[in-house]
Amino acid sequence: MEILNIVGGYKLEGEVEVSGAKNAILPIMAATLLTRHPCYLEGVPDLIDVKVMGEVIKTLGAEVKKEGDSLYIDPSLAEEKEVQPELTRRLRASNLVMGPLLSRWHRFRVAYPGGCAIGARPLDLHLKGFAAMGATIRESQGFIEATAPRLHGADIHLDFPSVGATENLMMAAVLAEGVTVLRNVAREPEIVDLQNFLNKMGARIQGAGQDVIRIEGVSELRGARHRIIPDRIEAGTFLVAVAATRGKAFVKGAQPEHLAAVIAKLQEMGAYVGCKKDGIYLEVTNRLQAVDCKTLPYPGFPTDMQPQIMALMTTAQGTGIIIESIFENRFHHAAELKRMGADIKIEGRIAVVTGVPALSGAPVEARDLRGAAALVIAGLMAQGLTSVEGVQHLDRGYERLEEKLQSLGAKLWREGTE
Ligand code: UD1
């Protein structure tokens, strides 16, 4: 077991660069299965989730080679095979191969993803969409099976703009017969990145980034080369970390248009935020003010930034309300923040955070990726030593986090225990 030790109280200052987006590379890796030709992906972050997705597509017979921050994927020998529970448990997003498998091989058998620390996260919207396109779905013995001898276009309205369902249905539709119209879809930048990659492969998709996507099926796709967009959640995490220590730093590669909701909250709290073409500068000199915050589908405030903003609010002036409207069980970090002296009351999906003058360091335990990031931020602002257990969660979604924070002046180190 590894622990991350943090000595709080050091201001973060300087410049840090964000890596490629985890949530963009995962669906794009799955999308390479749609062609028989090699694909080159650039700006690929070195993350556990990316490694596991690599294992998933290797299991399906594709060749995956990493060269620096590039990934070469040759799916020419890929074939339709089961995806085992061992992999779907380690990476929920491995369900993103369902769309490509159904599209190219007209069938899939994928183990149902296990329960997840932040909520039940069903796949009903994905499966309803596949069924509308002609697939027959069976769920048995922990596996989801689908067959679709003839996958055809359909007009599909999602009950909720699910990111994964939007991506899976886009990928199922690219090789289907006829036109698919997806309504009330997710509008995240990662969906636009997936559309751009698929279109480079020869797909005919338009509308990503808006709430209707139109896909005209084609008979075949070619290989493509693509650079992954910068990670907006990693960028947002650095902005909040700098704000938490009342520091000043430039987050290089952060795209202001992808972070509008986060920037607006930070400004409302009293941070100075300067948006440039190649990144975002943030500076905080005084104590921040509490704000209210509700997570929503993009372009609303991202649920993946909720734990970090909660950490920031623990020492702000006044009381703020955080509403988590995307996931039903995403406040594990609150109990740990309370061990550090935070004043937080939870009622269902609502957290009431009253700022205290300072947090004090304590041993805490992370249960999920963004919750771990929140505890690191709390450790950076707390007085004394914080030891974060469960740091393996950080390696799922942050590339070289300690190194990057150290370059900004943070005092932290990892320690292995028996
Ligand atoms: C993606 C992101 C994740 C982020 C989330 C919401 C990736 C790899 N992961 O996850 O980091 O937190 O978007 O922004 O991109 N739902 C259903 N039925 C479905 C599908 C979803 O009820 O068929 C519900 C989920 O339980 C959840 C909500 O919809 O409450 C949002 O889920 P979704 O947008 O699908 O998130 P993911 O794609 O899993």
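First listed ligand is number 1; within each ligand, the first listed atom is number 1. Numbers here are sequence positions counted from 1. Everything quoted here is computed from the prediction, not taken from an experiment. Computed from heavy atoms alone, side chains included, the values below leave out hydrogens, waters and symmetry copies.
The N/O atoms of Asp124, backbone and side chain alike, include one that comes under 3.5 Å of an N/O atom in ligand 1. Taking any N or O of Pro122, backbone or side chain, at least one lies under 3.5 Å from an N or O belonging to ligand 1. For a threshold of 3.5 Å applied to N or O pairs, the pair formed by Asp304 and ligand 1 contains at least one separation below that value. Not one N or O of Glu167 is nearer than 3.5 Å to an N or O of ligand 1, by distance alone. For ligand 1, the polar-atom distance check against Gly164 finds a nitrogen or oxygen pair separated by under 3.5 Å. Residue contacts with ligand 1: Val163 is placed with a nitrogen or oxygen under 3.5 Å of a nitrogen or oxygen of the ligand (distance criterion only). The shortest N or O to N or O distance between Ala165 and ligand 1 is not below 3.5 Å. At under 3.5 Å, a nitrogen or oxygen of Ser162, whether backbone or side chain, sits near a nitrogen or oxygen of ligand 1.
Side-chain rings of Tyr40 and Tyr72 approach one another, their centers coming within less than 6.0 Å.
Note that the CE atom of Met171 and the OG atom of Ser103 stand 9.5 Å from one another [nearest 0.5 Å]. The line from CD of Glu145 to CZ of Phe108 is 9.5 Å long, rounded to the nearest 0.5 Å. Atom SG in Cys293 sits 9.0 Å away from atom CE in Met269 (nearest 0.5 Å).
Looking at Arg92 against ligand 1, only its side chain comes within 4.0 Å, counting heavy atoms. Contacts of Leu125 with ligand 1, taken as heavy-atom pairs under 4.0 Å, involve both backbone and side chain. For Arg370, no heavy-atom contact with ligand 1 is shorter than 4.0 Å. The proximity of Ile326 to ligand 1, defined as any non-hydrogen pair under 4.0 Å, involves the side chain as well as the backbone. Residue-level proximity to ligand 1 for Phe160 is carried by the side chain, the only part with a heavy atom below 4.0 angstrom.
Comparing Leu91, Ile191, Asn23 by heavy-atom distance to atom 8 (C) of ligand 1, the nearest is Asn23.
Under a cut-off of 6.0 angstrom, the local environment of CZ in Arg36 is sparse, with at most 12 non-hydrogen atoms contributed by other residues, nucleotides or ligands.
With Tyr298 as the aromatic partner, Arg187 does not meet the cation-pi criteria of under 6.0 angstrom to the ring centre and within 45 degrees of the ring axis. Judged by the 6.0 Å distance and 45° axis criteria, Arg227 is not positioned over the aromatic ring of Phe197.
Using modelled atom types, no side-chain atom of Thr166 and backbone atom of Val185 make a donor-acceptor pair closer than 3.5 Å.
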Discussion item. Pair Tyr281, Lys248 - check side-chain contact (heavy atoms from CB on, under 4.5 Å), show working.
Written reply: CA-CA 7 Å; Tyr281 175 80; Lys248 50 180 176 194; 3.4 Å; yes
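Using 4.0 Å as the threshold, Glu190 has no heavy atom nearer than that to any atom of ligand 1. The closest approach between a heavy atom of Arg330 and any atom of ligand 1 is below 4.0 Å.
Checked against Arg183 for a salt bridge (charged side-chain N to carboxylate O under 4.0 Å, His left out), the options Asp155, Asp159, Asp211 give a single hit: Asp155. For the side-chain contact (heavy atoms from CB on, under 4.5 Å) with Arg396, the qualifying choice from Lys22, Arg90, Lys51 is Lys22, the only one to do so.
Shown in contact with Thr303 at under 4.0 Å from a heavy atom are these atoms of ligand 1, numbered in order with element: 6 (C), 12 (O), 14 (O).
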